[in-house]
Amino acid sequence: MKPYEKIKARGLPDNIASVLNKLVVVKLNGGLGTSMGCKGPKSLIGVRNENTFLDLTVKQIEHLNKTYNTDVPLVLMNSFNTDEDTKKILQKYSHCRVKIYTFNQSRYPRVNKESLLPIAKDLSYSVENAEAWYPPGHGDIYASFYNSGLLDTLLDEGKEYIFVSNIDNLGATVDLYILNHLMNPPNGKRCEFVMEVTDKTRADVKGGTLTQYEGKLRLVEIAQVPKPHVDEFKSVSKFKIFNTNNLWISLSAVKRLQEANAIDMEIIVNPKTLDGGLNVIQLETAVGAAVKSFENSLGINVPRSRFLPVKTTSDLLLVMSNLYSLNAGSLTMSEKREFPTVPLVKLGSSFTKVRRDPDCT
């Protein structure tokens with residue numbers, strides 16, 4: 001584990017543009033806006049000044065490319081839930097100085113909890129049988145990225161690292177100091193996997209944490225913790241940090257491990273109840289759980305400002321407020337705030353939806 005301050009203290013080299021040209025930004029774009037009462041992809045919900053999550057992401061990368069005269073592309077990992085709507089909206093960015101690629105994560109069948117058989121009758125997908133399928137968590141990125149052919153395309157273009165983050169984390173911007181640490185490591189040995197972690201507060205007790213086991217870093221999620229130990233896992237004093245899901249990963253390492261079938265991730269069993277009352281099981285994996293499969297992995301303890309997720313309308317109110325200013329797609333907290341922490345906002349049940357209109361447009 002390294003403190004971010006140490007990495008920032010190294011400064012930046014003169015050739016930062018050539019370093020940036022080795023980077024690809026990947027946003028996890030498989031989620032729907034249902035938690036905020038919206039139909040369609042969450043990334044298309046308006047966040048600030050009519051800008052959606054996707055608008056802000058494109059603006060951030062375009063600003064980088066214009067400032068440093070670089071070619072950092074954006075890759076969106078869509079799911080079958082978000083792919084069609086996202087592709088329709090991408091046309092509006094054709095004039096932007098950002099190459100945008102997409103690929104789809106897998107579609108897995110939900111399993112009946114009683115019979116342990118898939119509830120889908122056949123392999124076809126339609127609106128009518130959509131409930132029979134699910135996207136299997138963001139751990140699917142490695143196989144789907146490789147199988148799409150996009151990983152090889154980007155390697156052929158000379159790209160070396162991907163910066164992966166959730167599209168609803170507005171703090172997950174490209175950090176030049178971390179990128180420089182990856183490309184020009186002080187000890188000469190490059191990291192294949194970097195996980196940004198940040199200090200845990202009582203609001204983050206469910207976040208996954210990094211542990212060390214058999215000489216390797218491992219991600220432990222709350223779903224993997226036996227019930228008698230859950231309170232211990234939530235302890236702010238015992239487990240002081242949690243995973244922001246901002247990850248920097250070597251493309252060549254992903255290719256090597258994927259071809260050797262050597263990416264090992266714990267399977268999370270996620271029980272769900274469908275609208276009709278049927279109990280099903282979803283088997284999922286988390287992108288960060290692969291940390292133990294990579295060589296020379298590192299955790300960087302970053303400032304809280306790099307973790308600004310918008311999961312609810314309470315979070316949305318916060319980022320819409322004058323606590324933050326918007327510049328080139330990035331949000332910055334006002335210097336007038338006396339505390340570096342984000343205030344806790346809890347809206348009542350009348351305000352759980354973004355708008356009365358479920359399209360949220």
Side-chain angles (χ1 to χ4, degrees), residues 1-2 7 22-28 30 75 77 79 103-106 108 135-155 159-166 169 172 178-179 181-183 185 187-198 207-225 233 239 241-270 282-302:
M1 198 82 75
K2 266 200 164 64
I7 281 158
K22 308 284 187 190
L23 182 69
V24 177
V25 175
V26 180
K27 292 288 183 182
L28 304 172
V75 173
M77 180 169 87
S79 69
F103 70 95
N104 253 349
Q105 67 182 116
S106 307
Y108 279 26
H138 39 55
D140 186 55
I141 186 172
Y142 305 105
S144 294
F145 197 18
Y146 177 82
N147 293 336
S148 71
L150 191 51
L151 187 141
D152 281 324
T153 301
L154 293 166
L155 278 169
K159 305 300 182 189
E160 294 181 23
Y161 278 93
I162 50 175
F163 171 48
V164 182
S165 63
N166 298 348
N169 178 7
I178 295 176
L179 179 62
H181 184 84
L182 287 168
M183 299 295 293
N187 62 358
K189 192 180 180 194
R190 281 192 179 182
C191 296
E192 289 188 347
F193 194 108
V194 163
M195 178 182 288
E196 292 184 38
V197 298
T198 195
T209 195
L210 271 183
T211 60
Q212 199 153 23
Y213 182 72
E214 294 180 343
K216 291 269 189 170
L217 286 179
R218 290 194 177 216
L219 179 67
V220 179
E221 299 277 8
I222 194 163
Q224 298 163 267
V225 178
F233 176 83
F239 295 100
I241 50 98
F242 72 97
N243 169 29
T244 64
N245 221 36
N246 300 347
L247 308 167
W248 304 75
I249 309 169
S250 159
L251 277 173
S252 58
V254 173
K255 181 178 167 74
R256 182 191 79 236
L257 291 168
Q258 194 56 43
E259 288 179 345
N261 197 21
I263 294 183
D264 180 24
M265 291 173 284
E266 291 79 15
I267 291 170
I268 296 164
V269 180
N270 188 0
Q282 296 183 179
L283 302 179
E284 302 176 4
T285 53
V287 58
V291 62
K292 65 176 184 286
S293 302
F294 290 82
E295 296 299 318
N296 205 26
S297 298
L298 178 69
I300 298 180
N301 194 338
V302 296

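Being a predicted model, the structure only gives us computed values, none of them experimental.
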If you compare all heavy atoms of Tyr161 against all heavy atoms of Cys191, which two are closest, and at what distance to 0.1 Å?
OH-O, 2.6 Å
One should read off an interatomic distance between Asp140 CG and Met77 CE, to the nearest 0.5 angstrom, of 6.0 Å
Looking at side-chain heavy atoms only, is the closest gap between Val254 and Tyr146 below 4.5 Å?
no
CG of Asn147 to CD of Gln258: how many Å apart, nearest 0.5 Å?
6.5 Å
Do Phe145 and Leu251 come close enough that some side-chain heavy atom pair is under 4.5 Å?
yes
Are side-chain heavy atoms of Val269 and Leu283 found at a separation under 4.5 Å?
yes
Side chain to side chain contact (heavy atoms under 4.5 Å, CB included) between Thr285 and Ile267, worked out
CA-CA 5 Å; Thr285 53; Ile267 291 170; 4.3 Å; yes
If the plane angle is over 60° it's perpendicular, under 30° parallel, otherwise tilted; pick one for Phe233 and Phe239.
tilted
Backbone of Glu284 reached by a side-chain donor or acceptor of Asn270 within 3.5 Å:
no
Heavy-atom pair of closest approach, residues Phe163 and Ala172
CE2-O, 3.6 Å
Donor-acceptor pair between Asn169 and Asn246 side chains, under 3.5 angstrom:
yes
Enter the distance from Ser79:OG to Asn104:CG here, rounded to the nearest 0.5 Å.
7.0 Å
Rounded to the nearest 0.5 Å, the OG atom of Ser250 sits from the CG atom of Asn296 at a distance of 11.0 Å
To check you understand the geometry: which heavy-atom pair defines the closest contact between Thr198 and Thr244, and what is its length?
CG2-CG2, 3.9 Å
Any Lys/Arg nitrogen of Glu295 or Arg256 sitting under 4.0 Å from an Asp/Glu carboxylate oxygen of the other?
no
Would a distance-only check, ignoring hydrogens and angles, find a side-chain to backbone donor-acceptor pair under 3.5 Å from Tyr142 to Val287?
yes
Would you say Lys216's side chain and Phe294's backbone share a donor-acceptor pair under 3.5 angstrom?
yes
Under a 3.5 Å distance rule, please check whether Thr209 uses its side chain to pair with a backbone N or O of Ile241 as donor and acceptor.
yes
I want to check something: taking the side chain as every heavy atom from C-beta on, are Leu298 and Phe193 in contact at a cut-off of under 4.5 Å?
no
Run the numbers on Leu217 and Met195 for side chain to side chain contact (heavy atoms under 4.5 Å, CB included), then give the verdict.
CA-CA 10 Å; Leu217 286 179; Met195 178 182 288; over 6 Å; no
When you measure from the side chain of Ser297 to the backbone of Val291, do you find a donor-acceptor pair of N or O atoms at a distance under 3.5 Å?
yes
Does Leu155, at its CG atom, have more than 12 non-hydrogen atoms belonging to other residues, nucleotides or ligands within less than 6.0 Å?
yes
Taken to the nearest 0.5 Å, the spacing of Leu151 CG from Ser252 OG works out to 9.0 Å
Glu221 side chain reached by Glu266 side chain, heavy atoms, under 4.5 Å
no
Exactly one of Val164, Leu154, Leu150 clears side-chain contact (heavy atoms from CB on, under 4.5 Å) with Val26, and that residue is Val164
For a quick test of reading the model, state the closest non-hydrogen atom pair linking Asn166 to His138 and the distance between them.
OD1-CD2, 4.3 Å
Within this structure, what is the CD1-CD1 distance for the pair Ile249 and Ile162, rounded to the nearest 0.5 Å?
4.5 Å
So, Gln105 side chain and Gly137 main chain: donor-acceptor pair closer than 3.5 Å or not?
yes
I'd like to know if the side chain of Lys292 and the backbone of Asp264 have a donor-acceptor N/O pair within less than 3.5 Å.
yes
